[in-house]
Amino acid sequence: MADLKHIYFQTLRIRKIEEAIAAKYSEQKMRCPTHLSIGQELVPVAVSHFLTHVDKAYSSHRAHAHYLAKGGDLVKLIAELYGKVSGCTAGRGGSMHLSDLECGFIASTAIVGNSIPLATGNALHQQLTRAEGLTVSYFGDGATEEGAFYESLNFAALKSLPIVYVCENNQYSVYSPLSVRQPTGRSISKLSSEIGLKSFSVDGNNPTQALETSQAAINYVRRHGKPVLIEYFTYRHREHCGPHFDDDLNYRKQEEVQTWLDNDPLNNLEKALDKDPEFEAFQKLAISDINQEIEDAFAAAETASFGLIENNERFIYG
């Protein structure tokens with residue numbers, strides 16, 4: 001089993017990075033829409049813990065956590081949000097179009113469900129070229145209502161592709177709950193199973209369950225070369241798009257929100273580590289190190305140059 005202190009550090013790091021993004025967003029220096037994963041961080045940390053550098057990842061509009069968990073560079077991420085040439089896509093993609101081949105994070109796209117067939121195609125490439133590694137495709141519950149989801153899973157099952165489909169079921173597509181979008185009682189993981197994939201369903205905010213399920217699913221793909229889907233139940237704390245809280249809109253019942261806040265993944269990790277005599281000192285040092293890393297990344301973004309791409313060459317100005 002994974003070292004829970006390491007899992008805690010990675011989860012806390014993503015949480016504090018996104019909280020810093022939220023705090024600075026109003027300065028108008030990040031001129032791209034941003035979708036935060038605050039509340040959902042444990043899922044990509046649990047998945048990435050069992051990935052290697054040769055495994056490839058694809059994501060959607062809510063991609064910061066997936067990129068960072070895969071080993072993405074924080075300095076490149078913040079620079080990208082600032083539109084600077086030192087960003088992971090030279091400032092051309094912004095929050096929703098991250099790409100960094102160095103860590104195996106191939107692409108994130110803004111169109112709902114759009115990266116699912118891209119990831120499926122990458123898994124086919126891995127199979128045909130007998131390449132090492134597998135592919136991970138991250139998406140939300142809303143993407144399972146797109147035709148590309150069904151077509152991709154059917155193709156992956158038919159061709160026995162080495163891919164892990166990760167559905168972060170945070171219960172909502174913008175302001176619409178599952179109850180107004182899908183028939184009562186429908187299970188995304190069961191639907192996937194009927195299509196022909198080995199499927200898992202788990203509380204994505206429970207450290208033990210999330211880690212055990214991630215390991216079992218990824219080991220299955222490595223061992224059998226066949227696709228799997230993991231449905232992680234989780235919850236975003238803030239608005240669909242932007243840095244704020246939006247509970248004043250009353251599209252989520254306060255009782256529901258509180259239940260999920262009580263099931264916060266960081267709180268669950270802290271409870272699991274509470275009896276570790278070394279945890280308090282570890283936590284204090286972790287917070288200090290993460291805060292310094294964040295401060296340095298924003299400082300680097302502030303001083304970096306804007307860039308202009310012409311004829312496949314990079315020109316720096318500013």
Side-chain angles (χ1 to χ4, degrees), residues 5-46 48 59-91 93-100 103 105 108 110 138 168 170 205 234-247 260-261 264-270 282-306:
K5 287 201 290 292
H6 173 74
I7 299 300
Y8 175 79
F9 180 90
Q10 296 299 327
T11 306
L12 177 66
R13 178 174 179 262
I14 295 172
R15 172 71 59 88
K16 293 186 76 64
I17 289 168
E18 294 221 296
E19 286 179 341
I21 292 170
K24 291 179 175 291
Y25 195 76
S26 63
E27 296 175 359
Q28 294 290 301
K29 295 179 180 179
M30 292 176 270
R31 302 305 298 271
C32 56
T34 187
H35 300 73
L36 303 177
S37 296
I38 295 172
Q40 303 181 190
E41 305 93 341
L42 179 60
V43 173
V45 171
S48 293
S59 181
S60 63
H61 52 275
R62 201 178 305 279
H64 301 166
H66 306 147
Y67 172 66
L68 291 167
K70 186 63 174 70
D73 189 305
L74 176 59
V75 172
K76 289 183 181 180
L77 172 62
I78 302 303
E80 187 62 34
L81 300 184
Y82 275 62
K84 299 299 182 72
V85 74
S86 53
C88 60
T89 64
S95 172
M96 296 187 289
H97 301 92
L98 305 177
S99 180
D100 191 342
C103 67
F105 191 87
S108 62
Y138 289 102
E168 293 176 314
N170 66 14
N205 288 6
T234 186
Y235 206 75
R236 59 174 167 82
H237 292 181
R238 304 203 180 201
E239 60 188 335
H240 164 70
C241 179
H244 306 297
F245 294 93
D246 61 357
D247 296 329
W260 280 99
L261 289 177
D264 178 273
L266 271 177
N267 291 344
N268 291 339
L269 280 163
E270 288 172 359
F282 172 84
Q283 182 185 43
K284 184 177 180 180
L285 181 60
I287 291 172
S288 177
D289 289 347
I290 293 168
N291 285 342
Q292 186 62 58
E293 183 188 13
I294 292 171
E295 183 179 334
D296 292 345
F298 275 97
E302 291 275 5
T303 58
S305 299
F306 290 102

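Computed from a prediction, not measured in an experiment: that's the story for all the values here.
- Residues L36 and P243 come closest through the heavy atom pair CD1-CA, 4.0 Å.
- With sequence neighbours excluded, the residues that form a side chain to side chain donor-acceptor pair (under 3.5 Å) with N268 are N263.
- No side-chain donor-acceptor contact under 3.5 Å links K70 to the backbone of S48.
- Under a 3.5 Å cut-off, the side chain of S59 and the backbone N or O of Y138 do not form any donor-acceptor pair.
- Using a 4.5 Å heavy-atom threshold, the side chains of K84 and F306 count as touching.
- With sequence neighbours excluded, the residues that form a salt bridge (Lys or Arg N to Asp or Glu O under 4.0 Å) with R15 are E41, D264.
- Note that CD1 of I294 is 8.0 Å distant from CD1 of I78, once rounded to the nearest 0.5 Å.
- For the residue pair Y8/E270, the side-chain donor-acceptor check at 3.5 Å is satisfied.
- T303 places a side-chain N or O within donor-acceptor distance of the main-chain N or O of A299, the cut-off being under 3.5 Å.
- The side chain to side chain donor-acceptor pair (under 3.5 Å) search around R238 returns none, not counting sequence neighbours.
- When all heavy atoms are compared, the tightest approach of R31 to Q28 is CD-O, 2.8 Å.
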task = May I have the step-by-step check of side chain to side chain contact (heavy atoms under 4.5 Å, CB included) for C103 and D73, ending in yes or no?
result = CA-CA 8 Å; C103 67; D73 189 305; over 6 Å; no
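- Note that CD1 of I14 and CD of Q40 are 11.5 Å apart. Values are rounded to the nearest 0.5 Å.
- The existence of a salt bridge linking K29 and E302 is confirmed by a sub-4.0 Å separation between a basic side-chain nitrogen and an acidic carboxylate oxygen.
- A search for side chain to side chain donor-acceptor pair (under 3.5 Å) contacts involving D296 returns Q292, not counting sequence neighbours.
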task = Check the pair K16 / I287 against side chain to side chain contact (heavy atoms under 4.5 Å, CB included), numbers first and verdict last.
result = CA-CA 9 Å; K16 293 186 76 64; I287 291 172; 4.2 Å; yes
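- With rounding to the nearest 0.5 angstrom, the OG1 atom of T11 is 5.0 Å from the CG atom of L42.
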Could you pull out all donor-acceptor pairs under 3.5 Å where a side-chain atom in residues 17-24 meets a protein atom, sequence neighbours excluded?
residue: E18; atom: OE1; partner: S37; partner atom: N; Å: 2.4
residue: E18; atom: OE1; partner: I38; partner atom: N; Å: 3.4
residue: E18; atom: OE2; partner: H64; partner atom: ND1; Å: 2.8

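- With a 4.5 Å cut-off on side-chain heavy atoms, P44 and E168 count as touching.
- Classification of the Y67-F105 ring pair by plane angle, with boundaries at 30° and 60°, yields perpendicular.
- For the pair S86 and A79, the tightest heavy-atom approach, listed with the atom from each and the gap, is OG-CB, 3.4 Å.
- With contacts defined as side-chain heavy-atom distances shorter than 4.5 Å, the pair W260/H237 does not qualify.
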inquiry  = As a quick check of understanding, evaluate side chain to side chain contact (heavy atoms under 4.5 Å, CB included) for F245 and E239, giving each step before the final call.
reply    = CA-CA 5 Å; F245 294 93; E239 60 188 335; over 6 Å; no
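- Ring geometry for H35 versus H240: interplanar angle over 60°, hence perpendicular rather than tilted (30 to 60°).
- No side-chain heavy atom of Y25 sits less than 4.5 Å from a side-chain heavy atom of H244.
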ask   = Do L261 and Y235 pass the side chain to side chain contact (heavy atoms under 4.5 Å, CB included) test, and can you show the C-alpha distance, the side-chain angles, and the key distance before you say yes or no?
value = CA-CA 8 Å; L261 289 177; Y235 206 75; over 6 Å; no
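- Between atom CG of residue L266 and atom CD1 of residue I7 there is a gap of 12.0 Å, rounded to the nearest 0.5 Å.
- For the pair S99 (side chain) and T89 (backbone), a donor-acceptor distance under 3.5 Å is absent.
- E80 places a side-chain N or O within 3.5 Å of a backbone atom of G91 that can act as its donor or acceptor partner.
- Considering only residues two or more places apart in sequence or on other chains, T234 meets the side chain to side chain donor-acceptor pair (under 3.5 Å) condition with N205.
- Minimum heavy-atom separation, L98 to S108: N-OG, 2.8 Å.
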